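Quick notes on the structure that follows.
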Amino acid sequence: MPELPEVELFSRYFAQHALGQRVARVRVLDERILGEVRKAAFARALTGSEFSGVRRHGKHLFADAGRTWLHLHFGMTGDLAYYADTPPRFARVIVDFDNGWHLVYEDMRLFGVVDLTPDPQTYIVDHHLGPDPLELTLPKFRQLVAGRRGAVKALLMSQDILAGIGNLYADEILYQTSIDPRRPADRLSEAEVKAVFTVMRRILNNVIDRKSRGEDYPARYLIPRREEGERCPRCGGSIRRTVVFGRTTYYCGKHQG
DNA sequence: AGTACCACCTGACGGC
DNA sequence: TGCCGTCAGGTGGTAC
C-alpha cells in the first residue's frame, strides 16, 4: 500500500538509479497501466531523453524528462525495480538505459498509473490535489480542518484536501493522537488539531527514515497490529475493527474513545 | 458538503 | 484436490 512514505522512497530510488542516464528504449508490456497517453506516444516521448530530476507530491511521483514529465502513481501494489537481467513477474513498463540496465514499473493489481504530464504543477492543479503534509504549516492545516463536518479520518484520506495519507497512516495518526476516527473534524479541540498535525508529520518522517535504513515499524505502532482482538501496545486495550469512509478501520476501543 | 456503493484487478486464504 | 466467496486497498464515477 504505497502511501506518502513509500512513494518518497520510490522517489529516492528513482533518483539514485535513473538520473543522468539516457533512455535507449521503452517497453509497455501491459497497456492497461497507461493513463491518458497511448503506447506509441509514450515510448516516442521518452526514448532518447534523460531524466534530470524527480519530484513527489503526496502519493504521486514525477520525473523530469525534458520535454515532458513521467508521472507515476503506485495504486496499491505498484513498485520500482532496477535490474540487469531478469524482469520481475508483474513488470508493466520497462525503461531500457544505454548502460544495459533497466528500470521497471511493476504492479500486480494494475491500480497504478503510468502517464506523461506537462509538469507536476499542472497535474496537481488539474487533479485538485491538496497540499503535501510535509510542506504544510500548522496555520494552513488549521484552515484545512476548519468547517469540515465529516469524519476526521475521511479528511486525512481525501487527496483533494491533503495529498499523501492513505488508510494505514490515517489510522496510525488517529491511534497515536487518541482520537476516534469517526469524530467530526470540526469538533476537534485546538490542541487535538495541533496534535494531529505534529504526529502526522512525525510518523511520516519517522517511517521514511526507518524504511530507508531497512528497519521495520516501531513496536508501539498500530500498523503491525491491524487485527481484531489484538492488544493495544499503548494501553493494553483491545483493537477493534469497523468501517469509516468505506475503509476498514482499526482503532483501540479503550484509549480512542 | 459528505458519504455510500460500485468498478477496476489479482492473489491469498478460509470453508466445504 | 479444487472450487467459491471474501477480502485487501487507491481512485474515480455515480447516486443520494
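Sequence lines set the chain letters: A, B, ... in the order given, protein chains first and strands last, and positions in each chain run from 1. On a predicted model such as this, the values are computed, not experimentally measured, just so you know. These values consider heavy atoms only, across backbone and side chains, with no hydrogens, waters or symmetry-generated copies.
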Is A:Phe111 stacked on the base of B:dC8 when the test is centres under 5.5 angstrom and planes under 30 degrees?
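Aromatic stack with B:dC8 present for A:Phe111.
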Figure out the [atom1]/[atom2] separation between [X] and [N], and round it to whole Å.
X        : N      : atom1 : atom2 : result
A:Arg226 : C:dA8  : CZ    : C1'   : 10 Å
A:Leu144 : B:dG2  : CG    : P     : 12 Å
A:Asp79  : C:dG10 : CG    : C1'   : 16 Å
A:Leu110 : C:dA8  : CG    : C1'   : 15 Å
A:Glu106 : B:dG11 : CD    : C1'   : 15 Å
A:Lys153 : C:dG9  : NZ    : C1'   : 11 Å
A:Arg182 : B:dT3  : CZ    : P     : 13 Å
A:Ile33  : B:dC9  : CD1   : P     : 11 Å

Residue A:Glu215 excluded, over 12 heavy atoms near CD under 6.0 Å
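Enclosed.
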The side chain of [X] lies closest to which of these nucleotides: [options]?
X        : options              : answer
A:Thr248 : B:dT3, C:dT11, C:dG9 : C:dG9
A:Arg32  : B:dG2, B:dT10, B:dT3 : B:dT10
A:Gln159 : B:dT3, C:dT11, B:dG2 : C:dT11
A:Phe245 : B:dT3, C:dG9, B:dG2  : B:dT3

Can you check whether A:Phe62 and A:Tyr123 have ring centres sitting under 6.0 Å from each other?
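Yes, they do, as the ring centres are separated by less than 6.0 Å.
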Could you check whether A:Tyr221 and A:Tyr175 have their ring centres less than 6.0 Å apart?
no
Confirm from the modelled atom types if A:Arg247 and C:dG10 form a donor-acceptor pair under 3.5 Å, side chain to base only.
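Answer is yes: a donor-acceptor pair is held.
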Polar side-chain contact A:Arg109-C:dA8 base: donor and acceptor under 3.5 Å:
yes
Would you classify [X] as touching base, sugar-phosphate or nothing, given that sugar-phosphate means primed atoms plus P, OP1 and OP2, and contacts are heavy atoms under 4.0 Å?
X        : value
A:Thr77  : nothing
A:Arg241 : sugar-phosphate
A:Phe74  : nothing

Among A:Lys39, A:Arg92, A:Arg109, which one satisfies salt bridge (Lys or Arg N to Asp or Glu O under 4.0 Å) with A:Asp30?
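Among the candidates, only A:Arg92 passes.
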Would you say A:His73 reaches C:dG10's phosphate, i.e. side-chain N/O to OP1/OP2 under 4.0 Å?
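A:His73 to C:dG10 OP1/OP2: no side-chain N or O under 4.0 Å.
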What verdict does the side-chain contact (heavy atoms from CB on, under 4.5 Å) test give for A:Val37 and A:Val114, after you've listed the backbone C-alpha separation in whole Å, the side-chain angles of each residue and the deciding distance to 0.1 Å?
CA-CA 9 Å; A:Val37 73; A:Val114 174; over 6 Å; no
